[in-house]
Amino acid sequence: MTIRLHDTLTRALEPLHPRDPKRVGMYVCGPTVYDFAHVGNARPVVVFDVLFRLLRHVYGEGHVVYVRNVTDVDDKINAAARANGEPIRALTERTLAQYHADMDALGALRPTHEPRATESIAGMIRIIERLIGAGNAYAADGHVLFSVPSFAEYGQLSRRNRDEMIAGARVDVAPYKRDPADFVLWKPSPDDIPGWDSPWGRGRPGWHIECSAMSEATLGPVFDIHGGGIDLVFPHHENEIAQSVCAHGGTRTETHFARHWVHNGFVMVNGEKMSKSLGNFWTVRQLLEDGIPGEAIRLALLKTHYRQPLDLTDERITEARADLDRFYGALRRTPPEGEGAIDGGFLAALEDDLNTPAAIDLHLKRQLALVNEGRAGASAGLVAMGGLLGLLQQSPEAWFKGADAGGDAEIDALVAARVAARKARDFAEADRIRKQLADQGVVLEDTPQGTLWRRAG
RNA sequence: GGCGCGGUGGCCGAAUGGCUAGGCACCGGACUGCAAAUCCGUUUAUCCCGGUUCGAUUCCGGGCCGCGCCUCCA
């Protein structure tokens with residue numbers, strides 16, 4: 001079966017036919033590194049990680065190139081560094097390291113390439129020069145601007161026309177723009193702001209140009225999938241298309257740039273949109289520090305289809321933890337042996353526009369039932385299927401007992417004492433110990449193979 | 001104001017022009033020294049108003065509500 005993905009360009013499900021099945025290319029817009037990643041940043045990372053895993057499964061591990069950029073030059077970065085009184089480079093390095101740690105905790109694989117904007121300036125300048133040469137851009141007042149009227153297809157992705165945008169504009173039009181819709185490719189930098197020498201003087205790139213340059217450098221002018229959050233459709237991806245298509249001497253998006261556009265929906269928290277003024281920003285780091293396992297956050301994100309709006313709530317996270325308790329509980333009682341087989345229905349659900357809710361609640365849960373039933377090979381299948389979702393890859397002991405081994409020996413001793421009490425049919429003592437452990441958040445489970453324990457969330 | 005997305009049972013959440021996923025929770029039962037885990041069983045739905053149709057939750061129109069974007073917010 002072919003993978004089908006919803007394409008923002010056509011607003012319909014489109015079969016994925018890679019240009020080269022030996023080299024499937026995917027570009028996803030990455031973080032601007034000035035602050036901790038919040039759950040809204042985490043959703044595209046997890047969603048496209050699942051797509052990456054699916055593509056690797058279908059086309060082979062070595063045949064998928066996944067690129068996620070790092071935006072390390074940006075006016076928000078400059079402002080944050082100034083506010084912190086720290087060098088820009090220190091801020092971006094520290095934030096990127098934290099980003100990596102957080103995304104690792106969510107079980108996201110590292111992309112094949114992670115180009116940085118600051119290391120891609122030369123490529124940006126080359127594209128800007130090409131655009132000027134082709135009549136799609138012009139220098140004015142130290143800036144270089146993209147001429148939107150020069151690109152007839154402009155607005156196709158977001159389905160806007162220029163009249164509507166001008167009517168709705170809420171920002172004053174800069175005097176050096178020939179057309180109100182024109183956007184900045186390059187802008188001058190004063191001495192106290194990062195800048196690079198260019199044919200137009202010392203300056204820095206506009207926001208959109210970096211992705212045009214980095215995707216071209218890593219994937220070539222035309223590649224298969226471009227992804228990101230739905231809020232990037234306009235203006236970022238619209239402008240990126242204009243730049244890249246025109247720089248590649250073309251007119252049509254799907255023949256001169258990304259062939260499929262995939263966008264994930266917005267995230268809300270406990271029924272409200274996240275905002276700094278409401279003080280309800282859920283950073284991944286904070287959730288982890290609150291003791292919520294990254295895998296539970298990941299599962300909570302994947303239990304909603306990626307294009308749907310997602311309301312992340314405390315209850316959803318609790319439910320995801322309970323799900324994982326069941327999965328890992330079954331794997332603990334029935335350890336997997338050998339290579340697992342991936343259920344056809346499960347794979348078909350993922351190939352059908354990444355239907356992770358169906359894959360999880362229908363197929364993965366059914367596989368869990370098979371494990372509990374004692375079906376041969378079911379455990380290995382469960383782990384293999386989980387692997388496509390980036391789930392169930394740790395040992396059950398690690399899941400239940402946590403990385404923190406402190407206190408394990410003490411618990412083991414109490415469990416042993418209770419086992420002895422039960423053997424002596426001293427149930428009062430056995431129950432006393434159970435209660436004592438329960439008060440510590442430790443839940444016991446007597447099985448034919450012995451007594452197991454776990455730390456409850 | 002313009003453009004776009006969404007509104008399914010207590011909660012979550014797919015799918016679909018008719019054959020009415022699934023999960024979680026709840027309740028009942030089995031099992032268990034007691035639990036936990038597991039298994040079995042019961043219950044609840046398609047925002048409102050029109051239209052098309054033999055038949056709509058699904059298609060079309062209108063309304064209400066929530067959300068996003070409208071030049072640098074994932």
Side-chain angles (χ1 to χ4, degrees), chain A residues 8 11 28-32 37-45 47-48 71 74-76 146 148 155 158-161 163-171 173-174 177 180-184 187 205-210 227-236 238-239 263-268 271-276 300 303-305 307-311 313 315-316 318-320 322-323 325-326 329-330 332-333 349 352 355-366 368-369 371-374 422 425-428 430-431 434-435 438 443-447 451-454 456:
Chain A
T8 309
R11 312 281 160 118
V28 176
C29 289
T32 301
H38 58 254
V39 290
N41 299 305
R43 170 126 93 147
V45 172
V47 164
F48 289 103
T71 298
D74 177 276
D75 288 352
K76 288 196 297 294
F146 185 89
V148 168
S158 57
R159 306 212 167 175
R160 289 159 202 264
N161 64 52
D163 296 340
E164 288 161 1
M165 291 185 295
I166 294 163
R170 64 182 179 191
V171 173
V173 175
K177 287 188 180 182
D182 292 351
F183 57 90
V184 172
K187 53 191 170 186
W207 175 33
H208 319 295
I209 194 67
E210 60 171 272
I230 193 161
D231 55 320
L232 294 180
V233 171
F234 191 89
H236 185 232
E238 196 72 75
N239 292 353
H263 292 97
N264 63 272
F266 216 71
V267 178
M268 298 200 304
E272 301 180 305
K273 57 183 170 182
M274 282 193 293
S275 76
K276 289 194 170 161
K303 283 180 70 156
T304 296
H305 183 87
R307 283 193 283 118
Q308 289 289 106
L310 166 59
D311 184 13
T313 61
E315 292 72 30
R316 286 182 67 93
T318 303
E319 186 178 315
D323 286 337
D325 280 341
R326 289 197 184 86
R332 174 152 73 164
R333 291 186 299 272
D352 183 17
N355 191 343
T356 52
I360 292 165
D361 277 337
L362 190 58
H363 302 289
L364 209 60
K365 289 282 174 79
R366 188 201 294 148
L368 170 65
V371 175
N372 286 329
E373 225 169 74
R422 288 183 72 217
R425 302 199 66 79
D426 181 356
F427 296 120
D431 288 347
R434 178 197 288 288
K435 176 75 166 48
V443 177
L444 301 182
E445 186 177 332
D446 295 323
T447 77
T451 298
L452 305 175
W453 63 266
R454 66 171 192 264

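We name chains A, B, ... by the order of the sequence lines, and we start the count at 1 in each one. Hydrogens, waters and symmetry mates are skipped; everything else that's a heavy atom, side chains included, is used. Bear in mind the structure is a predicted one, so any value in this text is a computation, not a measurement.
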Scoring nucleotides 39-47 of chain B by protein non-hydrogen atoms under 4.0 Å (B base, S sugar-phosphate only, - none) yields S--------
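- Comparing B:C11 with B:U46, their P atoms sit 13 Å apart, to the nearest whole Å.
- If you take atom P in B:G51 and the same atom in B:C39, they sit 48 Å apart, rounded to whole Å.
- Across all strands shown, A:Leu232 has heavy atoms under 4.0 Å from sugar-phosphate atoms exclusively, and none from any base.
- At least one side-chain nitrogen or oxygen of A:Lys76 sits closer than 4.0 Å to the OP1 or OP2 atom of B:C73.
- Rounded to whole Å, the separation between the C1' atoms of B:C67 and B:C60 comes to 24 Å.
- Under the Watson-Crick or G-U wobble criterion, with both distances below 3.5 Å, B:A37 is left unpaired in every strand shown.
- A salt bridge is defined here as a Lys NZ or Arg NE, NH1 or NH2 lying under 4.0 Å from an Asp or Glu carboxylate O, and A:Glu319 with A:Lys303 meets this definition.
- What separates NE2 of A:His263 from P of B:C73 is a distance of 16 Å, to the nearest Å.
- At whole-Å resolution of the value, CE in A:Met268 and P in B:C67 are 7 Å apart.
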Starting at the 5' end of nucleotides 22-33 of chain B, put B wherever the base has a protein heavy atom under 4.0 Å, S where only the sugar-phosphate does, and a dash everywhere else.
BBSS-------B
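- Between B:G23 and B:A14, the distance separating the two P atoms is 15 Å to the nearest Å.
- Comparing the P positions of B:U32 and B:A21 gives a spacing of 35 Å, expressed to the nearest Å.
- Atom P of B:G1 sits at a distance of 34 Å from the matching atom of B:A56, rounded to the whole Å.
- Here the shortest heavy-atom pairing between A:Pro205 and A:Lys187 reads O-CE, 4.0 Å.
- Searching all strands for a Watson-Crick or G-U wobble partner of B:U20 with both distances below 3.5 Å returns nothing.
- Counting any heavy atom pair closer than 4.0 Å across all strands shown, A:Arg366 reaches no nucleic acid atom.
- Of all nucleotides present, only B:G4 satisfies the Watson-Crick or G-U wobble test against B:C67, with each distance under 3.5 Å.
- When rounded to the nearest whole Å, the span between CD of A:Glu272 and P of B:G68 equals 11 Å.
- Contacts of A:Lys187 with the nucleic acid, taken as non-hydrogen atoms under 4.0 Å apart, include base atoms.
- Under the 30°/60° scheme for interplanar angles, the aromatic rings of A:Trp207 and A:His236 are found to lie parallel.
- For A:Arg333, whose side chain is taken as the heavy atoms from C-beta onward, the closest listed nucleotide among B:A36, B:C69, B:U38 is B:U38.
- B:C59 and B:C40 have their C1' atoms separated by 41 Å, given to the nearest Å.
- Counting only heavy atoms from C-beta on, A:His305 has its side chain closest to B:A14 among B:A14, B:G13, B:C73.
- Note that CG of A:Leu368 is 10.5 Å distant from CD of A:Glu373, once rounded to the nearest 0.5 Å.
- Protein atom CH2 of A:Trp207 is 11 Å distant from nucleotide atom C1' of B:C69, rounded to whole Å.
- Across all strands, A:Val233 comes closer than 4.0 Å to no nucleic acid atom at all (heavy-atom distances).
- Comparing atom distances between the A:Asn264 side chain and each of B:C67, B:A74, B:U71 picks out B:A74 as nearest.
- Taking the side chain as every heavy atom from C-beta outward, A:Thr304 and A:Arg43 approach each other to under 4.5 Å.
- Following rounding to the nearest Å, A:Ile230 (CD1) and B:A74 (P) show an atom-to-atom distance of 15 Å.
- Between A:Glu210 atom CD and A:Thr71 atom OG1 the span is 3.5 Å, to the nearest 0.5 Å.
- Here the side chains of A:Phe146 and A:Ile209 are not in contact, with every heavy-atom distance at 4.5 Å or above.
- By the 4.5 Å heavy-atom criterion applied to side chains, A:Arg160 and A:Glu238 are not counted as neighbours.
- A:Arg332 has its CZ atom 12 Å from the P atom of B:U38, to the nearest Å.
- At most 12 heavy atoms of other shown residues, nucleotides or ligands fall within 6.0 angstrom of atom NZ in A:Lys273.
- In this structure, the CZ atom of A:Phe146 is 18 Å from the P atom of B:C72, given to the nearest Å.
- We find that CG of A:Leu452 is positioned 19 Å from P of B:A35, with the value rounded to whole Å.
- By the 6.0 Å contact criterion, CZ on A:Arg425 is open, its count of non-hydrogen atoms from other residues, nucleotides or ligands being 12 or less.
- Here A:Phe266 does not pack flat against the base of B:G68, since the 5.5 angstrom centre distance and 30 degree tilt limits are not both met.
- Using P as the reference atom, B:U57 and B:G9 are 15 Å apart when rounded to the nearest Å.
- The side-chain heavy atoms of A:Asp446 and A:Arg434, taken from C-beta on, include a pair separated by under 4.5 Å.
- When the side-chain nitrogen and oxygen atoms of A:Thr304 are compared with OP1 and OP2 of B:G13, one or more of them lie within a distance under 4.0 Å.
- The base of B:C11 lies outside donor-acceptor range of the side chain of A:Arg316, with no N or O pair under 3.5 Å.
- Considering only the side chain of A:Ala358, B:A21 comes nearest among B:C67, B:U71, B:A21.
- Looking at heavy-atom distances under 4.0 Å, A:Gly206 makes no contact with the nucleic acid at all.
- When side chains are defined from C-beta on, A:Pro235 counts as touching A:His208, because their heavy atoms get closer than 4.5 Å.
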